[in-house]
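This report refers to the structure that appears directly beneath it.
Letters A, B, ... are given to chains in the order of the sequence lines, protein chains preceding strands, and every chain is numbered from 1. Bear in mind that the values here come from a model prediction, so they are computed numbers and not experimental data.
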There are 2 protein chains.
Amino acid sequence: MNQLLEKRGLRATPHRVRIAQKVLQEHCHFTAEDICGWAGGLKKRLSRATVYNILNEFVAVGLLKSFYSSALGKTIYDSNTENHFHLYDTDKDQILDVDPSLVTVNTSGLKGYRIDQIEILMKGRRR
Amino acid sequence: MNQLLEKRGLRATPHRVRIAQKVLQEHCHFTAEDICGWAGGLKKRLSRATVYNILNEFVAVGLLKSFYSSALGKTIYDSNTENHFHLYDTDKDQILDVDPSLVTVNTSGLKGYRIDQIEILMKGRRR
DNA sequence: GAGTATTTTTAGATTCAATCTAATATTAAA
DNA sequence: TTTAATATTAGATTGAATCTAAAAATACTC
């Protein structure tokens with residue numbers, strides 16, 4: 001975990017390591033408040049500013065992605081940094097990752113523009 | 001304009017008519033603050049609460065759509081209520097409508113889910 | 001019409017996520 | 001050490017959006 005951080009140019013401070021362990025071990029979606037509210041097994045709670053600082057650093061160096069969820073009204077951090085799309089399960093009120101291989105998008109009709117990025121949010125539910 | 005509102009069950013009050021004229025005549029993107037800041041040729045300026053009330057009523061009855069733009073950090077109201085996608089022109093810092101016929105999406109790989117809605121935001125620029 | 005009920009509009013307060021500030025603490029470098 | 005650079009912090013601030021409770025406008029009944 002320390003090398004992971006340092007490889008990206010971030011000093012492996014206790015706070016950063018702690019959050020990284022919580023958040024980078026497996027793919028998950030979470031909010032900044034989730035981390036603020038999480039004691040993390042330490043005596044002192046992380047300050048809100050620290051949480052936002054660290055999460056946004058992680059985003060800047062590519063350890064996290066973030067996006068704003070209209071449904072939830074806040075920024076969601078996503079430890080899946082691979083290219084993928086999102087499916088909001090309206091039944092479970094939960095955001096799921098969708099492998100891009102399951103969805104094909106063809107933008108070749110869009111002449112005159114160079115598309116750099118495509119964000120797709122689907123809404124649906126189990127059938 | 002009055003019938004348009006009443007057909008949707010909204011009384012054609014002067015404020016609603018005024019905003020409808022500003023906003024529903026042709027396809028456009030705008031924020032609530034755009035409307036608040038707009039005098040509208042009237043003596044008294046619209047209160048912020050009224051603007052939000054009316055815009056959200058318009059959304060509720062299908063006269064407008066709205067979506068949150070992460071790039072701009074606020075809710076965008078869209079008088080194009082047809083199914084369409086969005087292209088954020090990173091050069092011009094502007095959101096453009098994309099006719100859905102220009103983009104094909106195939107979600108048939110997503111087995112086990114019924115997709116009710118697809119939102120696509122592309123980022124790009126003129127080539 | 002007058003009187004009453006309902007709907008709209010309002011200014012200002014409030015909320016809430018997120019950022020900023022400026023001081024303190026920690027770590028690194030000389 | 002001493003000094004310089006980086007992290008962390010509590011609390012203030014911002015800004016979009018909503019809420020509140022009162023005033024204004026409109027519709028409805030007799």
Legend entry - Within-4.5 Å side-chain heavy-atom neighbours: A:Leu55 and A:Val59: no
Inset, instruction - State plainly whether the residues A:Glu57 and A:Arg16 are in salt-bridge range, i.e. N to O under 4.0 Å. - result: yes
Inset, instruction - Would you mind reading off the distance between A:Leu10 atom CG and C:dA28 atom P, rounded to a whole angstrom? - result: 14 Å
Inset, instruction - Check the distance between C:dT27's P and A:Glu6's CD and give it to me in whole angstrom. - result: 13 Å
Inset, instruction - Could you tell me the separation between the CD1 atom of B:Ile35 and the P atom of D:dA16, rounded to a whole number of Å? - result: 15 Å
Inset, instruction - Go through the steps to decide whether B:His86 and B:Phe67 satisfy the test ring pair (Phe, Tyr, Trp, His ring centres under 6.0 Å), and finish with yes or no. - result: CA-CA 10 Å; B:His86 290 120; B:Phe67 60 96; 4.2 Å; yes
Inset, instruction - May I have the distance from B:Arg18 (atom CZ) to D:dA25 (atom P), rounded to whole angstrom? - result: 14 Å
Inset, instruction - Rounded off to whole Å, could you give me the OH-to-P distance for the A:Tyr68 and D:dA17 pair? - result: 8 Å
Inset, instruction - Rounded to the nearest angstrom, tell me the gap between atom NZ in A:Lys44 and atom P in C:dT26. - result: 8 Å
Legend entry - Under-4.0 Å side-chain N/O to phosphate OP1/OP2 contact, A:Arg11 with C:dT27: no
Legend entry - Test applied, side chain to side chain contact (heavy atoms under 4.5 Å, CB included); reference residue, B:Ile19; option that passes from B:Thr50, B:Ile54, B:Leu64: B:Ile54
Inset, instruction - Could you tell me whether the phosphate oxygens of C:dT10, OP1 or OP2, come under 4.0 Å of any side-chain nitrogen or oxygen in B:His15? - result: yes
Inset, instruction - Indicate whether OP1 or OP2 belonging to D:dA7 is found under 4.0 Å from a side-chain N or O atom of A:Arg16. - result: yes
Legend entry - DNA chain D contacts made by residues 52-66 of chain B, counting heavy atoms under 4.0 Å: B:Tyr52, B:Asn56
Inset, instruction - For B:Thr75, answer base if it contacts any base atom (sugar-phosphate contacts may also be present), sugar-phosphate if it contacts only those atoms, and nothing otherwise; contact means non-hydrogen atoms under 4.0 Å. - result: sugar-phosphate
Inset, instruction - Specify the closest pair of heavy atoms between A:Leu5 and A:Ala20, including all atoms of both residues, with the distance to one decimal. - result: CD2-CB, 4.4 Å
Legend entry - Between D:dA12 (P) and A:Arg48 (CZ): distance, integer Å: 12 Å
Legend entry - Salt-bridge contact A:Lys74-A:Glu33 (side-chain N to carboxylate O under 4.0 Å): no
Inset, instruction - Starting at atom NZ of A:Lys74, determine the distance to atom C1' of D:dA16, rounded to an integer number of angstrom. - result: 15 Å
Inset, instruction - Tell me whether the OP1 or OP2 atom of D:dA7 has a side-chain N or O from A:Thr13 closer than 4.0 Å. - result: no
Inset, instruction - Inspect the surroundings of CD in B:Gln25 and state if more than 12 heavy atoms from other residues, nucleotides or ligands are less than 6.0 Å away. - result: yes
